[in-house]
Amino acid sequence: ATAMASDNACPDAGAVYVTNLYAFGNQSIIKAPKGGGSHRFGHSLALHNRTMVIGAPGDASCSTITVATNASNDTGCSAAGAAYVYVADPEWRLQAVLKAPNARANYEFGASVAVSHRMIVVGSSAEASCSNQSAPSAASDTECPHAGAAYAFVQQPNGTWNFELYLKSPNPDAGDLFGDQLSLDD
């Protein structure tokens with residue numbers, strides 16, 4: 001986390017403001033690890049204990065590396081999306097960057113996020129596969145625009161995150177927006 005920033009040079013870049021309710025006025029700001037406009041960092045947010053997941057559906061990286069420790073600098077896939085995992089110890093620090101294994105432009109991975117004790121689910125309501133199979137690997141067809149998908153990541157005993165499951169509707173169709181709203185329960 002950094003101190004409050006006042007620059008507005010990157011429209012729609014986004015930010016998350018964290019306030020300590022027990023120390024009134026103590027506020028910090030978290031911005032996407034890589035600069036640039038239109039990332040929509042903070043479009044979605046989920047918090048569980050000391051883990052915060054921040055969605056950035058406008059992230060433009062084409063990376064299909066599902067879990068990384070830093071953000072990719074490529075910008076070839078407008079609105080492919082990403083989700084950033086932060087942990088508080090005691091300040092918020094970046095732990096992981098999550099990406100869809102089938103990342104494509106306009107899939108908006110990170111449009112919704114949910115977190116529980118050892119699981120994160122990230123929604124990509126604009127994902128376009130017609131697959132009706134939930135599986136450990138993601139489909140690559142693009143015949144059903146905005147059918148949507150969700151991606152589950154599980155935290156390992158050593159604290160790292162692994163992509164676990166690609167989730168689809170059992171009867172996907174274009175425009176379904178599966179994964180637009182997410183919730184997890186311990």
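For this chain, numbers begin at 1 and follow the sequence in order.
- Connection of V97 to I30 is established within a shared hydrophobic cluster, with ILVMFWY side chains joined at heavy-atom distances below 4.5 Å, either directly or through further cluster members.
- Rounded to the nearest 0.5 Å, atoms CZ (F178) and OG (S125) are 11.0 Å apart.
- Residue pairs satisfying the side chain to side chain donor-acceptor pair (under 3.5 Å) criterion with at least one member in residues 168-179, sequence neighbours excluded, are listed as follows: E127-K168, S169-N171.
- Think of L177 as one node in a network of Ile, Leu, Val, Met, Phe, Trp and Tyr side chains linked at under 4.5 Å; it has no links at all.
- Across every non-hydrogen atom of A15 and I29, the tightest pair is CB-CD1, 3.7 Å.
- Taking all atoms of both residues into account, the shortest heavy-atom contact from S131 to P172 is O-CG, 3.2 Å.
- Checking side-chain atoms of Q95 against main-chain N and O of G159 turns up a donor-acceptor pair under 3.5 Å.
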Got a list of side-chain donor-acceptor pairs under 3.5 Å for residues 75-84, not counting sequence neighbours?
unit_1 : atom_1 : unit_2 : atom_2 : d
Y84    : OH     : D59    : OD2    : 3.1

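- Contact detail for P136 and L165: the closest heavy-atom pair is N-CD1, 3.9 Å.
- When all heavy atoms are compared, the tightest approach of A56 to F41 is CB-CA, 3.8 Å.
- Residue pairs meeting the disulfide (SG to SG under 2.5 Å) criterion with at least one member in residues 146-180: none, sequence neighbours excluded.
- Smallest separation of non-hydrogen atoms from L94 and P33: CD2-CG, 3.6 Å.
- The side chain to side chain contact (heavy atoms under 4.5 Å, CB included) check on D89 picks up V87, R93, with sequence neighbours excluded.
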Acceptor/donor pairs from residues 106-122 side chains to any protein atom, 3.5 angstrom cut, sequence neighbours excluded:
unit_1 : atom_1 : unit_2 : atom_2 : d
S112   : OG     : G179   : O      : 2.5
R118   : NH1    : Q155   : OE1    : 2.7

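- A donor-acceptor pair under 3.5 Å is formed between the side chain of N102 and the backbone N or O of A139.
- Under a hydrophobic clustering in which Ile, Leu, Val, Met, Phe, Trp and Tyr are joined whenever their side-chain heavy atoms come within less than 4.5 Å, directly or via other members, I54 and L182 fall into different clusters.
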All N/O donor-acceptor pairs, side-chain side in residues 60-71, below 3.5 Å, sequence neighbours left out:
unit_1 : atom_1 : unit_2 : atom_2 : d
S61    : OG     : S63    : N      : 3.1
S61    : OG     : S72    : OG     : 3.4
S61    : OG     : D74    : OD1    : 3.0
S63    : OG     : I65    : N      : 3.2

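- Considering OG of S124 and CZ of R104, their distance stands at 11.5 Å, rounded to 0.5 Å.
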Tell me which donor-acceptor pairs under 3.5 Å the side chains of residues 45-53 have, and how far apart each pair is, sequence neighbours excluded?
unit_1 : atom_1 : unit_2 : atom_2 : d
H48    : NE2    : D186   : OD2    : 2.6
R50    : NE     : A88    : O      : 2.9
R50    : NH2    : A88    : O      : 2.9

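- In this structure F163 satisfies the ring pair (Phe, Tyr, Trp, His ring centres under 6.0 Å) test together with F153, sequence neighbours excluded.
- Among residue pairs with one or both ends in residues 127-178, those qualifying as disulfide (SG to SG under 2.5 Å) are C130-C144; sequence neighbours excluded.
- In plain terms, the two heavy atoms of R40 and P57 that are nearest each other are NH2-CG, 3.2 Å.
- The environment of CG in N158 is crowded: more than 12 heavy-atom neighbours from other residues, nucleotides or ligands sit within 6.0 Å.
- Legend: salt bridge (Lys or Arg N to Asp or Glu O under 4.0 Å) pairs involving residues 128-150, not counting sequence neighbours: none detected.
- Contacts of E164 classified as side chain to side chain contact (heavy atoms under 4.5 Å, CB included), with partners at least two apart in sequence or in another chain: V154.
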